[in-house]
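For reference, the structure discussed in these notes is given below.
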Amino acid sequence: MINDILYGQNYNSVVASIKDYAKSHIKQSRYEHSERVAEMCVQICKRYGLNEKQGYLAGISHDICKSFSDEDMIKYASKDGLQISDYERKKTALLHGRAAAVILKEQFDIEDEEVLEAVANHTSGTMGMGDISKVLFLADKIEPGRPQSTDEYREKLFKLSLNGFLSNVLIENYEYITKKGYEVYPETKKMVEYYKSLSENE
């Protein structure tokens with residue numbers, strides 16, 4: 001359920017405060033990426049009938065901890081009560097979403113669980129994501145600053161169901177990572193198969 005105060009008269013001031021925080025904690029290029037992601041979240045929300053304010057808030061917030069030190073990344077991420085895996089300790093950058101969700105809750109009083117879930121999981125995704133989580137994950141991968149994200153590319157994806165959209169982007173991302181020989185997040189292959197199955201059974 002959407003918090004009436006946050007998403008009513010207070011919304012703009014909360015977003016403005018988060019923007020100020022982002023500008024002072026991440027590089028200009030990263031902030032510009034966050035703005036593009038937020039706008040793409042709005043477009044995806046419009047297409048699938050989802051709450052645009054939730055989408056924008058998740059998008060503008062998702063990378064606010066991207067420049068944190070390894071120590072701070074672990075410090076904040078550990079406050080969400082979930083285990084930090086050995087893989088995440090080795091690649092602490094993966095924790096920036098979880099750290100950002102904690103910052104949103106502690107410093108900006110964001111209690112919208114859909115937004116917090118989206119921000120926490122945007123880096124690698126997870127099985128069983130809510131719709132706003134799917135929106136942010138997709139927007140982060142296809143915002144216009146990404147080299148593959150042409151108007152034609154996005155138009156084709158926007159014709160699909162939300163799960164079909166997600167499945168296509170996941171498969172594409174997985175193939176790119178594996179072809180490049182990068183280490184793959186342990187649950188990624190299962191997640192690709194999970195959303196492919198969901199999409200095929202709609």
Would you find more than 12 non-hydrogen atoms of other residues, nucleotides or ligands less than 6.0 Å from [X] atom [atom1]?
{"X": "Lys105", "atom1": "NZ", "answer": "no"}
{"X": "Gln148", "atom1": "CD", "answer": "yes"}
{"X": "Glu202", "atom1": "CD", "answer": "yes"}
{"X": "Asp86", "atom1": "CG", "answer": "no"}

Please check if the side chain of [X] supplies one atom and the backbone of [Y] the other of a donor-acceptor pair under 3.5 Å.
{"X": "Ser17", "Y": "Ser13", "result": "yes"}
{"X": "Asn173", "Y": "Val169", "result": "no"}
{"X": "Asp140", "Y": "Leu136", "result": "no"}
{"X": "Ser24", "Y": "Tyr21", "result": "yes"}
{"X": "Tyr11", "Y": "Lys53", "result": "yes"}
{"X": "Thr178", "Y": "Glu175", "result": "yes"}

Output every pair passing salt bridge (Lys or Arg N to Asp or Glu O under 4.0 Å) with a member in residues 62-71, not counting sequence neighbours, ordered by first then second residue. Arg30-Asp63
Hey, what do you get for [atom1] ([X]) to [atom2] ([Y]), rounding to the nearest 0.5 Å?
{"X": "Leu160", "Y": "Ser167", "atom1": "CG", "atom2": "OG", "answer": "9.0 Å"}
{"X": "Cys41", "Y": "His62", "atom1": "SG", "atom2": "NE2", "answer": "8.0 Å"}
{"X": "Ser61", "Y": "Tyr56", "atom1": "OG", "atom2": "OH", "answer": "9.5 Å"}
{"X": "Cys45", "Y": "Gln54", "atom1": "SG", "atom2": "CD", "answer": "7.5 Å"}

For the residue pair Gln43 and Glu39, confirm or rule out a side-chain donor-acceptor distance under 3.5 Å. no
Ignoring hydrogens, what is the shortest heavy-atom contact between [X] and [Y]? Give both atom names and the distance.
{"X": "Ser149", "Y": "Arg154", "answer": "O-NH1, 2.6 Å"}
{"X": "Glu88", "Y": "Ile84", "answer": "OE1-CA, 3.5 Å"}
{"X": "Lys134", "Y": "Asn163", "answer": "NZ-OD1, 2.7 Å"}
{"X": "Leu157", "Y": "Tyr48", "answer": "O-OH, 3.8 Å"}
{"X": "Thr92", "Y": "Met73", "answer": "O-CG, 3.3 Å"}
{"X": "His25", "Y": "Ser67", "answer": "O-CB, 3.4 Å"}

Any side-chain heavy atom of [X] sitting closer than 4.5 Å to one from [Y]?
{"X": "Leu104", "Y": "Ile64", "result": "yes"}
{"X": "Tyr31", "Y": "Ile60", "result": "yes"}
{"X": "Lys156", "Y": "Asn168", "result": "no"}
{"X": "Arg89", "Y": "Ile74", "result": "yes"}
{"X": "Leu138", "Y": "Met40", "result": "no"}
{"X": "Glu172", "Y": "Tyr153", "result": "yes"}

Phe137 ring centre to Lys141 NZ or CZ under 6.0 Å, with the angle to the axis within 45°? yes
What is the ring orientation for Phe165 with Phe158, classed by angle as parallel under 30°, tilted 30 to 60°, or perpendicular over 60°? tilted
When the ring planes of Tyr76 and Phe68 are compared, do they come out parallel, tilted or perpendicular, using 30° and 60° as the limits? tilted
Sequence neighbours excluded, the answer for ring-ring contact (aromatic ring centres under 6.0 Å, His included) partners of Tyr87 is Tyr185
Short N-O contact, Lys189 and Glu193, less than 4.0 angstrom: yes
